Each structure stands twice: as C-alpha cells, then as structure tokens.
Amino acid sequence: MASSTLFPFLSIFSLTLLTTASAVGFSVELIHRNHPKSPFYNPTISISDCVHAEVQRSHARAAALRRTFFSQLRNDMSSTANTKYSNLSPPAPDFTHLIPADSSFPYTIPSDTPFPSPADSLIPYLPPADSPFPTPSPASPNAPIETDIIANSFDYLVSIHLGTPTREVIAIADTGSDLIWVTCKPCADCYKQDAPLFNPATSSSYANLPCGTKKCNQLPSSQCDNSASDSKCIYQYGYGDGSQTIGNLAQETVTFNTTSGSTVGFPRVAFGCSHVANGTFEHHSAGLVGLGSGPLSLVSQLGSSIEHRFSYCLVPYDSANITTSRLSFGSDAISSHNVETTTMVDIDRETFYTVTLDGIIVGKNNTLGPMERSYMIVDSGTTLTYLDSTVLESLVEVLAKTIHLPQVEDSEKLLPLCFDESNVESDFLYPDITLQLGKATVTLKPYNAFRKINDKVTCLAMTSNNDISGDNLSILGNIAQQNFHVGFDLASRMISFAPADCTKY
C-alpha cells in the first residue's frame, strides 16, 4: 500500500508495470500553480498581483533559458573551432564530499564551501583555449552540471508516485530541463519542505547507479563517490539564481495515476535523489520532472514505451483555477484534427524544443515585415511570448492602429501595450495574431495573445527579448499555447499544434 495518508492508495492489482518493449497511451493531470489542487494556490491574491507575479517569473525564466541556450551554442562551436570566449565561469569545485556515507548524516556543509556564485556563473562552462583547466567531460572531477531555469520560475505541476510501495511527489513539470529529481532522506542541507522527503531505504525498487553506467555518462558531467565499494554516481545541478541540488543518480519505479482511473508504472527510471537542495526553492515543491528532449528526461527514458511522443493541452488562464490541463503520452498524445506540424530545428539544443519564427500576421492581412527569421523555443514554463524588439515594435504599432480602444500604461510597467476596457462594447473582439512557425501556421486567438490584468485593463501578453537577450531568440510562452493540443514527437523531431477546447479534453 502507499505510504502516508496524504497520498492515495494504489492497489498492486490495478498497476500496469511496463517494460521498454511495451507501448501505451495515457494522460495525467497537469496542474497550474493557481489551481486549488496546487499547493501554491492562493484564493486571496488579486488578479493584478497574480498577473504581475506571472510576468516577473516569466522574465526570470526567459533570461535563464537564453543564457543556457547561447552558452550551449558556444560549447557546440568550440567542438569544431578553437575559439576563445570571455566572461566565462571558473571550474566548479569538487562536491563529492557533500554526499557523505549514510552513517555520517546529519551533515552540515562547511560555511566556507566554495559553491559557484549565482546568475551567469551557473551556465555551462567552457574554458578559454589558453585555460589551464581541461574542457569538462563525463566523469570529469571539475565539471559543473548546470540547468537552465530559475528555481521558482514555473507554472505547472505534475503528480508522480515513486518507489515500492509508492510515495506521491508533487513536482514541477518542466519542458526546459531534463533531469528528474526529488528531495530524499537523509538530507544534508535542504530547504524547508511541506511534503515528506522521499526515503529510498523504504523502497524495494530503489537502486543507486554506479559511475561508468550509460545513464551516469549521459549527465552533462558527473563525479564519483568512491567512499563506498559501489562507486556511486553523483550529480549537481545549479540554477540561475544560485539555488542548487546535489545527490545520487539512482533508478526507481515511477507510477502515474491516469485521468482514466487506471495506474501505469515504469521500472528503472533514472532520477536524482537529492541530499542537498538549497536556495530559493518553494517549500511546497518536492522536486522536478524534466520533460526536455535530452537523454535523461522522463520522455526520453520512457522512449518506445510511449512511442517517443508526448503532448499537453493547457486550459486558458480564466479556467486554470477551475479545471486542470492534460499531459499525455504515447497514443494519447496524437491529435488528428486541424493539425499544423513543423520540424524542430536541428541545432544541437538537446534539451529545448526549438522551431523558427518566420512571419507574423495581425488579423487577416496585416503582415509584419520584413522580419528576420529567429529561433523560437516552445516552452510550457515561460508565461509570456518574447519577440525581437524590432518585431515587437512593429506588432505594437499595428495593434495600436487596429484596436480602437484607449491605451493605458501597465501600473508596473512590465507589459508593452495595454487597453482601457471601461467603455468597451459587448461584441468587441481583439484581433487574431498568426505566427508562421516553420511549416506550421498557428493562429493565436485573443486569449492566446492578451491577458486581462484587472476588471478594466487588458494587455498584450508579449514583450521584447531585449531585457533577456542581446540575440535574436524568441520564446513561445504558455499563454500563447492555451487551447492547443501541442504535440512533441522526439523520434521524428516534429512539433504539432492543433486547436482544441482543453477544458473538455
């Protein structure tokens, strides 16, 4: 039976345990942080405060995505050319001593431990050509392991069950990172957490992964804890705000309660069992489920079991506190109606789902242009859509001429174009905005492009990437993806968009 009365009982007779030779389709709830099922739910917050908090989280996440995207690009360039780069971080210190043998817990990290500094120092490291330090590689003792988000910059959560017997974990669902990790007992230095820590000692299906295994080598880099005979694989992930998680790379059975009422489980899924987790992590969250396209993400590990496919259908924000969204895998991730499909850009951005933005049309025939093609990351964790400043200026100019409402300024000056709806007619509609994403023509309805910030003001839910990037990188945020069945096929490297009523999905 499942441990703790906090979590639903899972009968062993109702559990379908799959091997990699099996294929299945299933869906689970994707919970917005403002939904009553979310531990972050706050029914007293005003619409204005809620929106501005969304925008601030979105800016932080977008900036971190940009840092990782272009630092990876520099690393890729270095593999084919001996190029010097400036303003790069020093190598990370050895951190294996932070995960002592179980008998030494509780363990206090020394105050003088030389952790990497926050922000830009926590991007993947590439030494200059004349550096005395080697380029990090798997199992290199000086290699930092980095991720690409700010610890608190998320919008969606997913429930997973770990171990045998099962323990429920409410974790961040993130398409912008790969590693799955949860906080575990014993914990040397962990943020205060409401939910119980996962105790690997109580699970019969838990196993630490040793150094030299395929999954250990799939980490961006790794270290070995040689204090025990099994030479445990140790990971460290740093975040853009200085938060970090350190622990053992292990494998465990992951089980889902599906929306159809059944349960489905997958054995030997690699995850990070974190024994150090500190910084700005929210006390309501207990870990993270990486949904990126890298080899250690949940999607990649489930692989042929889900036919290398997953999708999500996000309900509009005005319904996000009423009904949950859906995260689907395998055959459930397929949509056959009005589907627009495009190929992911093959630029070795292993984690990110990247397409090209080739054009924008306002209404039926107001084409913006000429505009330079840009990379666009499709991301479920970024709230707003980010465009090149020149493109955004053209879009704002066209919208200002098209929308015959008084313009007002956002009280926090975070959004570029807002309208006063005090005297709006009942039949007024904002124009559609159509994006040409490679071969996919994606038409954004008003709720995809505009966000009401109070009873009288609605603002464009798009902004300039200038504050997050000096480069031509765009991001398709989750407001723009609402009421779309957004599908990802990792085998064919395709992304699809199909309009849908996600409240009825």
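Remember, predicted model here, so these are calculated numbers, not experimental data.
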Determine whether the side chains of [X] and [Y] contain a donor N or O and an acceptor N or O closer than 3.5 Å.
X	Y	answer
Asn208	Tyr206	yes
Ser177	Tyr237	no
Ser380	Thr175	yes
Thr263	Asn257	no

State the [atom1]-[atom2] distance between [X] and [Y], to the nearest 0.5 angstrom.
X	Y	atom1	atom2	answer
Ile160	Leu298	CD1	CG	7.5 Å
Ile479	Leu444	CD1	CG	11.0 Å
Gln251	Leu209	CD	CG	5.0 Å
Asp155	Ile172	CG	CD1	10.5 Å
Thr385	Leu357	OG1	CG	10.0 Å
Cys216	Leu296	SG	CG	9.5 Å

List for me each residue that meets side-chain contact (heavy atoms from CB on, under 4.5 Å) alongside [X], sequence neighbours excluded, and say none if there are none.
X	value
Thr503	Val315, Pro316, Ser319, Thr323, Asp501
Lys185	Leu197, Asn199
Ser496	Val339, Thr341
Cys313	Ala500, Cys502, Tyr505

Keeping to residues at least two apart or across chains, list the salt bridge (Lys or Arg N to Asp or Glu O under 4.0 Å) pairs with something in residues 437-449.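 For residues 437-449: Asp432-Lys445.
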Between the main-chain N or O of [Y] and the side-chain N or O of [X], is there a donor-acceptor pair closer than 3.5 Å?
X	Y	value
Ser203	Gly163	no
Gln436	Gly438	yes
Gln244	Asn278	no
Ser304	Glu307	no
Asp178	Gly294	yes

Please examine the side chains of [Y] and [X], heavy atoms only from C-beta on, and report whether any two atoms are closer than 4.5 Å.
X	Y	result
Met376	Thr356	no
Leu476	Asp379	no
Ile360	Leu387	yes
Ser297	Leu291	no
Glu252	Arg268	no
Val28	Val158	yes
Ile495	Val378	yes
Ile306	Val299	yes

Salt bridge (charged side-chain N to carboxylate O under 4.0 Å, His left out) against [X], all qualifying residues, sequence neighbours excluded:
X	answer
Glu54	Arg451
Asp332	none
Glu29	Lys37
Asp318	none

What residues, two or more places apart in sequence or in another chain, satisfy side-chain hydrogen bond (donor to acceptor under 3.5 Å, both in side chains) together with Thr434?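 Scan of Thr434 (side-chain hydrogen bond (donor to acceptor under 3.5 Å, both in side chains), adjacent residues dropped) gives Thr443.
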Chi angles and distances behind the side chain to side chain donor-acceptor pair (under 3.5 Å) call for Ser474, Asp388: CA-CA 7 Å; Ser474 301; Asp388 176 76; over 6 Å; no
Is it possible for you to check whether Arg167 lies under 6.0 Å from the centre of the six-membered ring of Phe198, through NZ or CZ, and within 45° of that ring's axis? no
Just checking, Arg309 and Phe329: is the charged tip under 6.0 Å from the six-membered ring centre and within 45° of the axis? no
Can you tell whether the side chains of Arg373 and Asp358 come within less than 4.0 Å, N to carboxylate O? yes
Measure from the ring center of His35 to the ring center of Tyr156 and say whether it is less than 6.0 Å.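 Aromatic pair excluded; centres sit 6.0 Å or further apart.
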Grab the two heavy atoms, one from Cys224 and one from Ser231, that are nearest each other, plus how far apart they are. CB-OG, 3.9 Å
Test disulfide (SG to SG under 2.5 Å) on Cys233 and Cys211; report intermediate values, then the result. CA-CA 5 Å; Cys233 179; Cys211 286; 5.1 Å; no
Determine, step by step, whether Thr382 and Ser58 satisfy the side chain to side chain donor-acceptor pair (under 3.5 Å) criterion, reporting the C-alpha distance in whole Å, the side-chain angles of both residues, the deciding distance to 0.1 Å, and the verdict. CA-CA 5 Å; Thr382 305; Ser58 183; 5.4 Å; no
Set of ring-ring contact (aromatic ring centres under 6.0 Å, His included) partners for Tyr312, sequence neighbours left out: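 Result, ring-ring contact (aromatic ring centres under 6.0 Å, His included) vs Tyr312: Phe488.
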Checking Tyr317 now: which residues fulfil ring-ring contact (aromatic ring centres under 6.0 Å, His included) with it, not counting sequence neighbours? His32
For Leu384, run the side-chain contact (heavy atoms from CB on, under 4.5 Å) check against Arg61, His59, Met462 and tell me which one passes. His59
